[in-house]
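Notes follow once the structure below has been shown.
Convention: sequence-line order gives letters A, B, ...; per-chain numbering from 1. As the structure is a computational prediction, the values presented were derived from the model and not from experiment.
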There are 2 protein chains.
Amino acid sequence: MRRPQRDESLYHQLADLLRGRIQRGEYGPGSTLPTERELSRLHKVSVATVRRALAVLRGEGLIRTARGEPSTVRTAPHRAEIPAQFGSRLISRMPSTIERAEFGIEVGVPLIEIRHAGGRVDVLAADRVEIIWPDPTSA
Amino acid sequence: MRRPQRDESLYHQLADLLRGRIQRGEYGPGSTLPTERELSRLHKVSVATVRRALAVLRGEGLIRTARGEPSTVRTAPHRAEIPAQFGSRLISRMPSTIERAEFGIEVGVPLIEIRHAGGRVDVLAADRVEIIWPDPTSA
DNA sequence: CCGGATTTGTACGTATGTATT
DNA sequence: GAATACATACGTACAAATCCG
């Protein structure tokens with residue numbers, strides 16, 4: 001990697017580099033990244049710096065890391081098309097650790113809250129849905 | 001803090017504790033948290049562990065941290081009510097570091113992409129908007 | 001306005017734990 | 001069981017931004 005300061009931080013530089021490779025498909029969906037030790041050796045930064053870079057990508061929902069297994073590029077799950085209903089309101093925010101466990105949301109994935117007119121609230125993992133608004137005149 | 005292992009990790013325990021205090025209003029919106037050194041001393045964990053706990057809360061959009069200033073509880077910004085339009089599609093995901101800079105999105109805040117029927121794409125910071133579907137029958 | 005003190009950010013290292021292969 | 005790989009936890013040193021007298 002490059003210089004210690006005055007530029008961007010090392011871990012951001014490394015995160016940018018890896019993000020680019022993922023987005024260009026050089027690390028395709030489902031494929032494994034080099035191990036932390038290998039990335040450390042390849043880019044001449046400490047393992048701690050590699051981990052910070054990976055944490056950035058994990059927070060962006062781009063990779064998945066787990067104990068004992070190499071980090072992998074996340075495959076975009078199929079998005080269910082959810083038709084919105086009249087009178088409903090939608091907000092999106094990051095879930096807490098507890099909400100992630102409760103609703104089965106992965107790291108780096110936002111939460112979508114839909115408050116319906118009747119008072120019911122739907123909570124959805126944002127990476128599994130696409131909210132659509134069908135045009136009634138086309139029916 | 002409690003035990004080193006076999007329970008939840010120290011930094012998660014500390015994050016849970018601080019999140020509770022924020023949600024109960026003991027640390028109100030805009031107020032400053034104790035410094036990292038203070039939290040370290042108070043909870044008998046290393047500063048590194050405190051920093052990991054704060055990183056969790058930052059990722060959830062609950063606090064804001066910056067060099068030279070104490071960490072603060074984020075105040076929920078006003079949400080503009082955005083009326084949805086027929087034929088549009090909405091997804092939410094985490095922005096990359098680059099997108100955060102480009103669209104002025106803070107850390108821990110998702111991005112909302114609205115693809116309109118005409119082809120135009122709106123990109124919004126999720127913490128500033130609420131998407132509404134007005135009931136046409138009520139007009 | 002200056003300079004020191006304070007506070008968070010970056011970078012590295014070491015040791016150990018735990019899950020997977 | 002052994003080897004591999006990521007996770008946790010502690011520590012050190014220095015940089016950079018802010019705060020305050």
From [atom1] of [X] over to [atom2] of [N], roughly how many Å is that when rounded to an integer?
{"X": "Leu14(B)", "N": "dC10(D)", "atom1": "CG", "atom2": "C1'", "result": "15 Å"}
{"X": "Leu39(B)", "N": "dA9(D)", "atom1": "CG", "atom2": "P", "result": "16 Å"}
{"X": "Arg64(B)", "N": "dT7(C)", "atom1": "CZ", "atom2": "C1'", "result": "13 Å"}
{"X": "Glu36(B)", "N": "dT8(C)", "atom1": "CD", "atom2": "C1'", "result": "5 Å"}
{"X": "Arg67(B)", "N": "dC19(D)", "atom1": "CZ", "atom2": "P", "result": "14 Å"}
{"X": "Arg41(A)", "N": "dC12(C)", "atom1": "CZ", "atom2": "P", "result": "16 Å"}
{"X": "Leu10(A)", "N": "dG9(C)", "atom1": "CG", "atom2": "C1'", "result": "12 Å"}
{"X": "His43(A)", "N": "dC12(C)", "atom1": "NE2", "atom2": "P", "result": "13 Å"}

Among [options], which nucleotide has an atom closest to any side-chain atom of [X]?
{"X": "Arg58(B)", "options": "dG9(C), dC12(C), dT10(C)", "result": "dG9(C)"}
{"X": "Arg51(B)", "options": "dC6(D), dG9(C), dC10(D)", "result": "dG9(C)"}
{"X": "His12(B)", "options": "dC10(D), dT8(D), dA11(C)", "result": "dT8(D)"}

Salt bridge present between Glu99(A) and Arg93(A) (N-O < 4.0 angstrom): yes

Check: Glu113(B) side chain, Val121(B) main-chain N or O, donor-acceptor pair, under 3.5 Å: no

Please check if the side chain of Thr72(A) supplies one atom and the backbone of Ser31(A) the other of a donor-acceptor pair under 3.5 Å. no

Less than 4.0 angstrom between a side-chain N/O of [X] and OP1 or OP2 of [N], yes or no?
{"X": "Arg52(A)", "N": "dT10(C)", "value": "yes"}
{"X": "Tyr11(A)", "N": "dT10(C)", "value": "yes"}
{"X": "Ser9(A)", "N": "dG9(C)", "value": "no"}
{"X": "Thr35(A)", "N": "dT4(D)", "value": "no"}
{"X": "Thr65(B)", "N": "dG9(C)", "value": "yes"}
{"X": "Arg37(B)", "N": "dT6(C)", "value": "no"}

Could you tell me the separation between the NE2 atom of His116(B) and the CG atom of Asp122(B), rounded to the nearest 0.5 Å? 3.5 Å

Let me see the working for His43(B) and Thr49(B) under side chain to side chain contact (heavy atoms under 4.5 Å, CB included), right down to the final yes or no. CA-CA 10 Å; His43(B) 300 285; Thr49(B) 298; over 6 Å; no

Result for 5'-nearest mapping on DNA chain C, choosing between Gly68(A) and Ser46(A), is Ser46(A)

